[in-house]
*Asks:* 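The structure under discussion is supplied below as structure tokens; questions concerning it will follow.
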Amino acid sequence: MRIGELARRSDVAPRLLRYYEQQGLIQAARAENGYREYAEEDVARAQRVAAMVRSGIPTRLVRAILDLETTPSAGVAKCSRLLAEQLASELTEIEGRIDCLAKSRDTIRGFLAQTEHSALVTPAATTAAFDQRPRRPVASG
């Protein structure tokens, strides 16, 4: 498929797809006429890259994360100290954003539940989101 179709199917602008290609995050084959050609699996990859970038992960780490996701784990993985430090720092930032988003979600959910629009907060969505939250041990006493 060409870049226009990839853009339409992945909901990522062609300009961003070109940028992701420059950064080595997606790869395009070239047709004889020089047009970029993408494979079916590039739709999901473009969506994944765009989601990580929108969530605040720098492109320099997006590639490393994508590589980690596609590399089979066999024992202790190897990476440079610099990359490990960057990933650890990013992990801390992601966890902070998750905490902030969870608090905002809970505030919005609580507010909407108290309005005449409480039906907009579906019980299934509320339960599913709650079930995915990490559980902390409850102290007995």
*Asks:* Run V53 and Y20 through side-chain contact (heavy atoms from CB on, under 4.5 Å) and show every step you take.
*Replies:* CA-CA 10 Å; V53 170; Y20 296 160; 4.1 Å; yes

*Asks:* Verify, without hydrogens or angle tests, whether D42 (side chain) and A39 (backbone) share a donor-acceptor contact under 3.5 angstrom.
*Replies:* yes

*Asks:* I'd like to check L120 versus T115 (side-chain heavy atoms, cut-off strictly below 4.5 Å). Are they in contact?
*Replies:* no

*Asks:* Provide the closest heavy-atom pair for I57 versus L61 in the form atom of the first, atom of the second, distance.
*Replies:* CG2-CB, 4.1 Å

*Asks:* side-chain contact (heavy atoms from CB on, under 4.5 Å), that's the test. Do M1 and V43 meet it? Break it down for me.
*Replies:* CA-CA 10 Å; M1 79 186 82; V43 174; 3.8 Å; yes

*Asks:* Does S55 offer a backbone N or O that forms a donor-acceptor pair with the side chain of R97 under 3.5 Å?
*Replies:* yes

*Asks:* Please find the pair of heavy atoms, one from S10 and one from Q47, that lie closest to each other, and give the distance.
*Replies:* O-CG, 3.5 Å

*Asks:* Distance from E90 atom CD to R60 atom CZ, nearest 0.5 Å?
*Replies:* 7.5 Å

*Asks:* Rounded to the nearest 0.5 Å, how far apart are CD1 of I26 and CD of E21?
*Replies:* 6.0 Å

*Asks:* Let me see the working for D106 and K103 under side-chain contact (heavy atoms from CB on, under 4.5 Å), right down to the final yes or no.
*Replies:* CA-CA 5 Å; D106 294 345; K103 183 175 177 145; 5.8 Å; no

*Asks:* Same cluster or not: are L83 and L68 linked, directly or through other Ile, Leu, Val, Met, Phe, Trp or Tyr residues, by side-chain heavy atoms under 4.5 angstrom apart?
*Replies:* yes

*Asks:* Is R48 close to E69 at the side-chain level, that is, under 4.5 Å between some pair of heavy atoms?
*Replies:* yes

*Asks:* Could you report the tightest heavy-atom contact between Y38 and Q27, atom names first, then the distance?
*Replies:* CD2-O, 3.9 Å

*Asks:* Should I94 and V49 be counted in the same cluster of Ile, Leu, Val, Met, Phe, Trp and Tyr side chains packed under 4.5 Å apart?
*Replies:* yes

*Asks:* How long is the straight-line distance from CD1 of I3 back to CG of L17, given to the nearest 0.5 Å?
*Replies:* 5.0 Å

*Asks:* Specify the closest pair of heavy atoms between L6 and A46, including all atoms of both residues, with the distance to one decimal.
*Replies:* CD1-CB, 4.5 Å

*Asks:* Under 4.5 Å between side-chain heavy atoms, hopping through other hydrophobics if needed: is there a path connecting I98 to V62?
*Replies:* yes

*Asks:* Going only through I, L, V, M, F, W and Y residues with side-chain contacts under 4.5 Å, is there a path from V121 to F111?
*Replies:* yes

*Asks:* Decide yes or no for R63 and L66: does some side-chain heavy atom of the first lie under 4.5 Å from some side-chain heavy atom of the second?
*Replies:* no

*Asks:* What distance do R54 atom CZ and L16 atom CG have between them, rounded to the nearest 0.5 Å?
*Replies:* 9.5 Å

*Asks:* Would you say CZ of R30 has more than 12 non-hydrogen atoms from neighbouring residues, nucleotides or ligands within 6.0 angstrom?
*Replies:* yes

*Asks:* Just how far is it from atom CD of Q86 to atom OG of S80, taken to the nearest 0.5 Å?
*Replies:* 7.0 Å

*Asks:* Going by the rule salt bridge (Lys or Arg N to Asp or Glu O under 4.0 Å), which residues pair with E37 if we only count those two or more places apart in sequence or in a different chain?
*Replies:* none

*Asks:* Evaluate the side-chain contact (heavy atoms from CB on, under 4.5 Å) criterion for residues R18 and R36: first the C-alpha distance (whole Å), next the side-chain angles of each, then the deciding distance (0.1 Å), finally the verdict.
*Replies:* CA-CA 10 Å; R18 288 184 198 98; R36 289 173 173 85; 3.8 Å; yes

*Asks:* Considering non-hydrogen atoms only, spot the tightest contact between A50 and V12 and give its length.
*Replies:* CB-CG2, 3.7 Å

*Asks:* Counting only heavy atoms not in D11, do more than 12 fall under 6.0 Å of its CG?
*Replies:* no

*Asks:* R45 and L25: which non-hydrogen atoms are nearest, and at how many Å?
*Replies:* NE-O, 2.6 Å

